[in-house]
S.K.: 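Have a look at this one before I ask anything.
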Amino acid sequence: MNLCDGIGGMQYFVLMKLGLRYQTTYRYEEPVGFSPHDVRLFPRSDRFSRVRRLDFTTTPKATVRFSRDVFENTVASCFFPERAKELEFRLAINLDLDPKDPFHFILEKDAVETPFEYESAIARILAPYRERRTQDRLVVPGWEPPTSRKRRDTVTTLVGLNKTLHEYIDYERREEGAALSPAETLRLGRGACRDVTVLLAEILRQIGFAARLTSGYLREAEAKTKRAEGSLHAWTEVYLPGAGWVGLDATNGVFCNHNFIGAAVGLTPADITPISGIYFHKKRIPAQMTSKLQLINL
């Protein structure tokens with residue numbers, strides 16, 4: 001984002017142009033067959049981001065079918081007719097980004113303090129997002145949740161929870177493997193961004209909020225957002241009446257602005273997995289995965 005001087009000394013923000021270059025390669029010691037692979041790497045365009053170029057290729061060459069899933073994510077289903085020792089996905093995207101203030105909203109009066117009740121019609125739609133996926137009671141050291149007897153300002157509560165998790169959970173990079181359970185992440189005091197994302201979503205659901213998971217890209221433009229640099233990222237969104245879905249990145253302890261570019265949203269980690277699929281072989285053979293992400297200011 002560039003701040004420029006205009007006529008009469010007035011300042012204005014210039015449109016940001018960003019290039020995403022992503023590549024993931026799977027290598028096997030012997031040729032293997034592949035199930036259909038679903039790819040969820042395509043930005044969810046909104047008022048603040050617009051896709052200007054999109055090139056998606058695979059090796060070996062796949063038959064690709066684009067669709068939208070139940071969460072309105074763009075999914076590329078890739079069908080591979082040939083066996084191969086290497087499977088590669090390559091993506092080149094150019095985006096226009098407008099500045100976004102994550103606190104530029106006005107909550108409905110009944111939601112200014114929490115706990116609050118969602119309006120009945122909205123509550124029915126949000127019911128799956130409020131349903132907990134764990135039976136564990138999650139207690140964050142150093143943070144006290146609001147109660148009906150001790151209500152607190154909603155935004156202040158969320159800022160405090162986000163900051164506390166950021167300070168309590170040490171970041172560790174883990175390219176592969178499922179997300180840890182929220183209780184395990186709390187017990188260990190460390191986790192990858194997907195672990196922290198699931199943990200925050202479950203804490204929000206535990207205290208009555210509707211929450212969903214998001215995966216995508218993080219443009220490293222500020223000193224405060226340096227965890228998960230150079231890789232795909234995940235964060236949490238909470239639904240607030242009057243504001244809609246608001247992003248919280250507990251990995252970095254910030255609310256999500258224009259530097260957070262969502263590609264997939266969902267209820268569970270499986271809903272937002274960037275690439276999902278399996279290989280077939282008569283025996284289990286060694287495999288290696290490498291990924292590379294470049295974010296280029298155009």
S.K.: Less than 4.5 Å apart, side chain to side chain, heavy atoms only: is that true for Val265 and Glu72?
M.R.: no
S.K.: Between Cys193 and Val196, is a side-chain contact (heavy atoms from CB on, under 4.5 Å) present by the stated rule, with each step listed?
M.R.: CA-CA 5 Å; Cys193 59; Val196 180; 5.7 Å; no
S.K.: Looking at Pro60 and Glu82, what are the two nearest heavy atoms and their distance?
M.R.: CB-OE1, 4.1 Å
S.K.: Do NZ/NE/NH1/NH2 and the carboxylate oxygens of Asp55 and Arg53 come within less than 4.0 Å?
M.R.: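 Here Asp55 pairs with Arg53 in a salt bridge, since their nearest N and O are under 4.0 Å apart.
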S.K.: Does the side chain of Leu204 come within less than 4.5 Å of Leu158's, by heavy atoms?
M.R.: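 Of all side-chain heavy-atom pairs linking Leu204 with Leu158, at least one is under 4.5 Å.
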S.K.: Check whether Thr185 reaches the backbone of Gly191 with its side chain - one donor and one acceptor, N or O, closer than 3.5 Å.
M.R.: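 A pair under 3.5 Å: no.
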S.K.: Evaluate the side-chain proximity of Ile272 to Thr214: yes if any heavy-atom separation is below 4.5 Å, no if none is.
M.R.: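 They are not in side-chain contact.
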S.K.: Given side chains that start at C-beta, do those of Val112 and Asp153 come closer than 4.5 Å, heavy atoms only?
M.R.: yes
S.K.: Could you tell me which non-hydrogen atom of Ala263 sits nearest to which non-hydrogen atom of Asn73, and how far apart they are?
M.R.: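 Shortest heavy-atom separation between Ala263 and Asn73 comes out as O-OD1, 4.0 Å.
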S.K.: Are Ile125 and Phe209 connected, step by step, through hydrophobic side chains (Ile, Leu, Val, Met, Phe, Trp, Tyr) whose heavy atoms are closer than 4.5 Å?
M.R.: no
S.K.: Give the ring-plane orientation class for Tyr118 versus Tyr239, where under 30° counts as parallel, over 60° as perpendicular and anything between as tilted.
M.R.: tilted
S.K.: Do any N or O atoms from the side chain of Arg40 and from the backbone of Ser276 form a donor-acceptor pair under 3.5 angstrom?
M.R.: no
S.K.: Arg27 side chain to Lys85 main-chain N or O, any donor-acceptor pair under 3.5 Å?
M.R.: no
S.K.: Verify side-chain contact (heavy atoms from CB on, under 4.5 Å) between Lys292 and Arg21, making sure each step is shown before the conclusion.
M.R.: CA-CA 8 Å; Lys292 181 180 180 181; Arg21 307 293 183 260; over 6 Å; no
S.K.: Looking at side-chain heavy atoms only, is the closest gap between Leu18 and Asn297 below 4.5 Å?
M.R.: yes
S.K.: Please name the residue in the list Ile203, Leu248, Val238 that meets the side-chain contact (heavy atoms from CB on, under 4.5 Å) test with Leu161.
M.R.: Ile203
S.K.: Just to verify, what does Asp110 make a salt bridge (Lys or Arg N to Asp or Glu O under 4.0 Å) with, not counting sequence neighbours?
M.R.: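 Result, salt bridge (Lys or Arg N to Asp or Glu O under 4.0 Å) vs Asp110: none returned.
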S.K.: Could you go through Thr59 and Arg90, starting from their C-alpha distance and side-chain angles, then the distance that decides it, and tell me whether this counts as side-chain hydrogen bond (donor to acceptor under 3.5 Å, both in side chains)?
M.R.: CA-CA 9 Å; Thr59 302; Arg90 294 179 301 278; 3.1 Å; yes
S.K.: Would a 4.5 Å heavy-atom cut-off, applied to side chains only, mark Asn94 and Lys17 as touching?
M.R.: no
S.K.: Mind checking whether Val75 and Tyr22 sit in one hydrophobic cluster, side chains of I, L, V, M, F, W, Y counted as touching below 4.5 Å?
M.R.: no
S.K.: Go through the side-chain N and O atoms of Thr24 and Tyr26 and say whether any donor and acceptor fall under 3.5 Å apart.
M.R.: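 Checked: Thr24/Tyr26 side chains show no N/O donor-acceptor pair below 3.5 Å.
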S.K.: What are the two closest non-hydrogen atoms of Cys78 and Phe89, and how far apart are they?
M.R.: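 Result for this residue pair: SG-CE2, 4.1 Å.
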S.K.: What residue among Trp235, Phe48, Trp245 forms ring pair (Phe, Tyr, Trp, His ring centres under 6.0 Å) with Phe260?
M.R.: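 Considering Trp235, Phe48, Trp245, a ring pair (Phe, Tyr, Trp, His ring centres under 6.0 Å) with Phe260 is found only for Trp235.
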S.K.: Side chain of Asn162, backbone of Val159: donor and acceptor closer than 3.5 Å?
M.R.: no
S.K.: Do Leu41 and Tyr217 make a side-chain contact, defined as non-hydrogen atoms from C-beta onward lying under 4.5 Å apart?
M.R.: yes
S.K.: By the side-chain hydrogen bond (donor to acceptor under 3.5 Å, both in side chains) test, which pairs, at least two apart or in different chains, include something from residues 264-274?
M.R.: Thr268-Asp271
S.K.: Between Asp136 (side chain only) and Leu138 (backbone N and O only), is there a donor and an acceptor less than 3.5 Å apart?
M.R.: no
S.K.: Are there more than 12 heavy atoms of other residues, nucleotides or ligands under 6.0 Å from atom CD1 of Ile106?
M.R.: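 No, CD1 of Ile106 has 12 or fewer neighbouring heavy atoms, counting only those of other groups under 6.0 Å.
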S.K.: Thinking salt bridges, do Arg50 and Asp98 make one under a 4.0 Å N-O criterion?
M.R.: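 Looking at Asp98 together with Arg50, the answer is yes, because their closest N to O distance falls below 4.0 Å.
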S.K.: Find out if a path of hydrophobic residues (ILVMFWY) with successive side-chain heavy-atom gaps under 4.5 Å connects Tyr171 to Leu188.
M.R.: no
S.K.: Side chains of Arg133 and Leu267, heavy atoms from C-beta outward: is any pair under 4.5 Å?
M.R.: yes
S.K.: If you draw a 6.0 Å radius around CD in Glu117, do more than 12 non-hydrogen atoms from other residues or ligands fall strictly inside?
M.R.: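 Result for CD/Glu117: open.
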S.K.: Taking NZ in Lys100 as the centre, count heavy atoms belonging to other residues, nucleotides or ligands within less than 6.0 Å. Is the count above 12?
M.R.: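 Correct, the count exceeds 12.
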S.K.: Return yes if some donor-acceptor pair links the side-chain N/O of Asn259 with the main-chain N/O of Leu218 below 3.5 Å, else return no.
M.R.: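 A pair under 3.5 Å: no.
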S.K.: Minimum heavy-atom separation for Asp38 and Ser77, please, with both atom names.
M.R.: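 So the two residues come closest at OD1-OG, 2.8 Å.
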S.K.: Taking all atoms of both residues into account, what is the closest heavy-atom pair of Arg151 and Ser148, and its distance?
M.R.: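 Closest heavy-atom pair between Arg151 and Ser148: CG-O, 3.8 Å.
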S.K.: How far apart are the closest heavy atoms of Ser35 and Phe80, and which atoms are they?
M.R.: O-CD1, 4.2 Å
S.K.: Is there a donor-acceptor contact under 3.5 Å from the side chain of Arg194 to the main chain of Gly177?
M.R.: yes
S.K.: May I ask you to decide if Gly262's main-chain N or O and Arg44's side chain share a donor-acceptor pair within less than 3.5 Å?
M.R.: no
S.K.: Before accepting this row, confirm whether a basic side-chain N of the pair Glu202/Arg132 lies closer than 4.0 Å to the acidic partner's carboxylate O.
M.R.: yes
S.K.: Mind checking what makes side chain to side chain contact (heavy atoms under 4.5 Å, CB included) contact with Pro146, not counting sequence neighbours?
M.R.: Thr114, Pro115, Trp143, Arg152, Thr157
S.K.: If Ile, Leu, Val, Met, Phe, Trp and Tyr residues are connected whenever their side-chain heavy atoms lie under 4.5 Å apart, and connections chain through other members, are Ile207 and Phe116 in the same group?
M.R.: yes
S.K.: Can you hop from Leu213 to Ile275 via hydrophobic side chains spaced under 4.5 Å?
M.R.: no
